[in-house]
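What follows is a single structure, written as structure tokens, with notes after it.
Owing to the predicted nature of the structure, the values given are computational and were not obtained by experimental measurement.
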Amino acid sequence: MKKVLLIEDDLSISELQRDYLEINGYQVDIAQDGEIGLQMSLSTQYDLIILDLMLPKLNGFEVCRKIREKKNIPILIVSSRREDIDLIRGLGLGADDYITKPFKPGELVARVKAHITRYERLVGSAETKNDIHIRGLHIDPDTRKVFVNETEVVLTTKEFDLLYFLAKHPDRVFSKDHLFEKIWGIDAMGDVQTVTVHIRKIREKIEKDSANPAYIETVWGTGYRCKG
């Protein structure tokens with residue numbers, strides 16, 4: 001049984017979401033503030049986290065950031081304000097998807113199922129692949145770790161997936177639309193600017209000079225490619 005952590009301060013909402021998820025075969029824990037939610041997410045193994053942004057004690061932005069420092073599991077952000085979704089996407093904190101209130105419980109269940117399935121598929125396929133080495137860049141799909149000149153750099157789930165996908169296809173150009181569909185999925189909420197944000201964050205972490213990248217190159221008017 002897949003295990004989901006629901007971090008939501010409104011108990012009536014969280015209990016309704018829990019009921020729908022449990023009916024569909026998920027085990028659900030609830031945390032009603034950010035501090036407890038963060039503690040539970042780091043101390044317990046979950047398959048996905050549903051995270052509301054407006055939380056007491058520690059807001060969802062900080063909870064997302066702190067989780068991403070330690071874990072790569074899927075995070076689904078929930079907010080009642082569209083501008084919050086735009087902000088967290090712009091900050092590049094590593095959320096996998098976003099959903100705005102109000103939403104139908106069935107939509108939430110579908111999102112949860114899709115992200116857990118996609119994450120398991122990506123991790124499972126990575127385990128069968130060999131390491132990638134490109135001029136000092138080392139990508140280890142078994143451990144999902146990345147090294148630049150033997151120094152480890154920490155990437156979020158989607159940053160790793162995006163870098164690994166590009167590196168598996170050196171010198172091939174992919175459009176933002178193709179990358180968004182491949183990494184986030186066709187039903188994911190958001191837009192192709194999410195790809196731009198993640199490329200920028202990856203460059204900041206792996207490039208010596210992100211303005212003149214040695215690994216991920218922008219092909220103007222087309223998309224991106226990993227230089228082999």
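Criterion: ILVMFWY side-chain heavy atoms under 4.5 Å apart, direct or through other members. Under it, Ile206 and Phe147 are not part of a common hydrophobic cluster. By the criterion of side-chain heavy atoms lying less than 4.5 angstrom apart, applied directly or through intervening Ile, Leu, Val, Met, Phe, Trp or Tyr residues, Ile49 is not grouped with Leu11; the two fall into different hydrophobic clusters. Val148 and Phe160 fall within a single hydrophobic cluster, where Ile, Leu, Val, Met, Phe, Trp and Tyr are joined by side-chain heavy atoms under 4.5 Å apart, directly or via other members. Note on Leu58: it clusters hydrophobically with Ile75, by side-chain heavy-atom contacts below 4.5 Å among ILVMFWY residues. The hydrophobic cluster containing Met40 also contains Val63, counting ILVMFWY residues as joined when their side-chain heavy atoms lie under 4.5 angstrom apart, directly or transitively.
In terms of the ring-ring contact (aromatic ring centres under 6.0 Å, His included) criterion, residue partners of His178 (sequence neighbours excluded) are, by chain and number, Phe174. Applying the ring-ring contact (aromatic ring centres under 6.0 Å, His included) test to His133 and every residue at least two apart in sequence or in another chain returns His138. Taking Lys71 as the reference, nothing meets the salt bridge (charged side-chain N to carboxylate O under 4.0 Å, His left out) condition, with sequence neighbours excluded. The side-chain contact (heavy atoms from CB on, under 4.5 Å) check on Phe103 picks up Gln17, Val78, Ile99, Lys101, Glu107, Leu108, with sequence neighbours excluded.
Considering only heavy atoms from C-beta on, Ile50 stays 4.5 Å or farther from Leu5 through its side chain. Inter-residue side-chain proximity for Leu16 and Tyr20 is flagged as met; some heavy-atom pair is nearer than 4.5 Å. Side-chain contact between Lys158 and His198 is present, with at least one heavy-atom pair separated by less than 4.5 Å. Val146 is not listed as a side-chain neighbour of Asp140, based on a closest heavy-atom distance of 4.5 Å or more. Annotation: side chain of Leu163 is in contact with side chain of Ile216 (closest heavy-atom distance under 4.5 Å). Side-chain contact between Val4 and Asp29 is absent, with no heavy atoms from C-beta onward closer than 4.5 Å. Under the 4.5 Å side-chain criterion, counting only non-hydrogen atoms from C-beta, Lys2 is not in contact with Leu48. Counting heavy atoms from C-beta on, the side chains of Leu155 and Leu162 never come closer than 4.5 Å.
The aromatic ring centroids of His169 and Phe165 lie less than 6.0 Å from each other.
Residue Cys226 holds its SG atom at 6.5 Å from CG of Leu166, rounded to the nearest 0.5 Å. We find the CD-CG distance between Gln45 and Leu42 to be 11.0 Å, quoted to the nearest 0.5 Å. Asn149 contributes atom CG, which lies 9.0 Å from atom CG of Leu137 (distance to the nearest 0.5 angstrom). Distance check, rounded to the nearest 0.5 Å: CD1 of Ile73 to CD1 of Ile116 gives 9.5 Å. The line from CD1 of Ile202 to CD1 of Ile199 is 5.0 Å long, rounded to the nearest 0.5 Å. The CZ atom of Arg200 sits 12.5 Å away from atom OG1 of Thr218, with the distance rounded to the nearest 0.5 Å.
For the pair Lys3 and Tyr46, the cation sits on the ring face: its NZ or CZ lies under 6.0 Å from the ring centre, inside 45° of the axis.
Formation of a donor-acceptor pair under 3.5 Å by the Asp9 side chain with backbone atoms of Gln32 is not found in this model. With hydrogens and angles disregarded, a donor-acceptor distance shorter than 3.5 Å links the side chain of Arg135 to the backbone of Ala214. With Lys205 contributing its side chain and Val154 its backbone, the two residues share a donor-acceptor pair below 3.5 Å. The main-chain N or O of Ile36 is never found under 3.5 Å from a side-chain atom of Gln39 such that the two would form a donor-acceptor pair. Side-chain N or O atoms of Glu207 include none that pairs as donor or acceptor with a backbone N or O of Asn212 at under 3.5 Å. Of the possible donor and acceptor atoms, one in the side chain of Ser41 sits under 3.5 Å from a partner among the backbone N and O of Leu38.
No more than 12 heavy-atom neighbours from other residues, nucleotides or ligands sit within 6.0 angstrom of NZ on Lys208. No more than 12 heavy atoms of other residues, nucleotides or ligands shown are found within 6.0 angstrom of NZ on Lys145.
Under a 4.0 Å N-O distance rule, the pair Arg111/Asp97 qualifies as a salt bridge. Using a cut-off of 4.0 Å between Lys/Arg side-chain N and Asp/Glu carboxylate O, Glu217 and Arg225 are scored as salt-bridged. Using a cutoff of 4.0 Å between basic side-chain nitrogens and carboxylate oxygens, Asp161 and Arg144 are scored as salt-bridged. Salt bridge absent: Lys66 and Glu69 never bring a charged side-chain N and a carboxylate O closer than 4.0 Å.
When all heavy atoms of Asp47 and Pro74 are compared, the closest pair comes out as O-CD, 3.3 Å. Nearest heavy-atom pair, Pro141 versus Asp131, reported as atom, atom and distance to 0.1 Å: CD-OD1, 3.5 Å. Among all heavy-atom pairs drawn from Pro170 and Ala167, the shortest one is CD-O, 3.4 Å.
Within the hydrophobic cluster formed by Ile, Leu, Val, Met, Phe, Trp and Tyr side chains joined at under 4.5 Å, directly or through other members, Trp220 stands alone, with no partner residue.
Sorted by first and then second residue, the salt bridge (charged side-chain N to carboxylate O under 4.0 Å, His left out) pairs involving residues 10-25 (not counting sequence neighbours) form an empty list.
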TODO: Please lay out, stage by stage, how Ile7 and Leu55 fare under the test side chain to side chain contact (heavy atoms under 4.5 Å, CB included).
DONE: CA-CA 8 Å; Ile7 308 177; Leu55 295 168; 3.6 Å; yes
Open item on the list: Run Lys176 and Leu179 through side chain to side chain contact (heavy atoms under 4.5 Å, CB included) and show every step you take.
Closed with: CA-CA 5 Å; Lys176 293 178 184 179; Leu179 292 171; 5.8 Å; no
Task: Derivation of the side chain to side chain contact (heavy atoms under 4.5 Å, CB included) call for Met54 and Asn59 - done: CA-CA 6 Å; Met54 306 305 293; Asn59 66 55; over 6 Å; no
Open item on the list: side chain to side chain contact (heavy atoms under 4.5 Å, CB included), that's the test. Do Thr196 and Tyr224 meet it? Break it down for me.
Closed with: CA-CA 10 Å; Thr196 303; Tyr224 301 99; 3.7 Å; yes
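Ring geometry, Trp184 versus Phe180: the interplanar angle falls under 30°, so the pair is classed parallel (tilted spans 30 to 60°).
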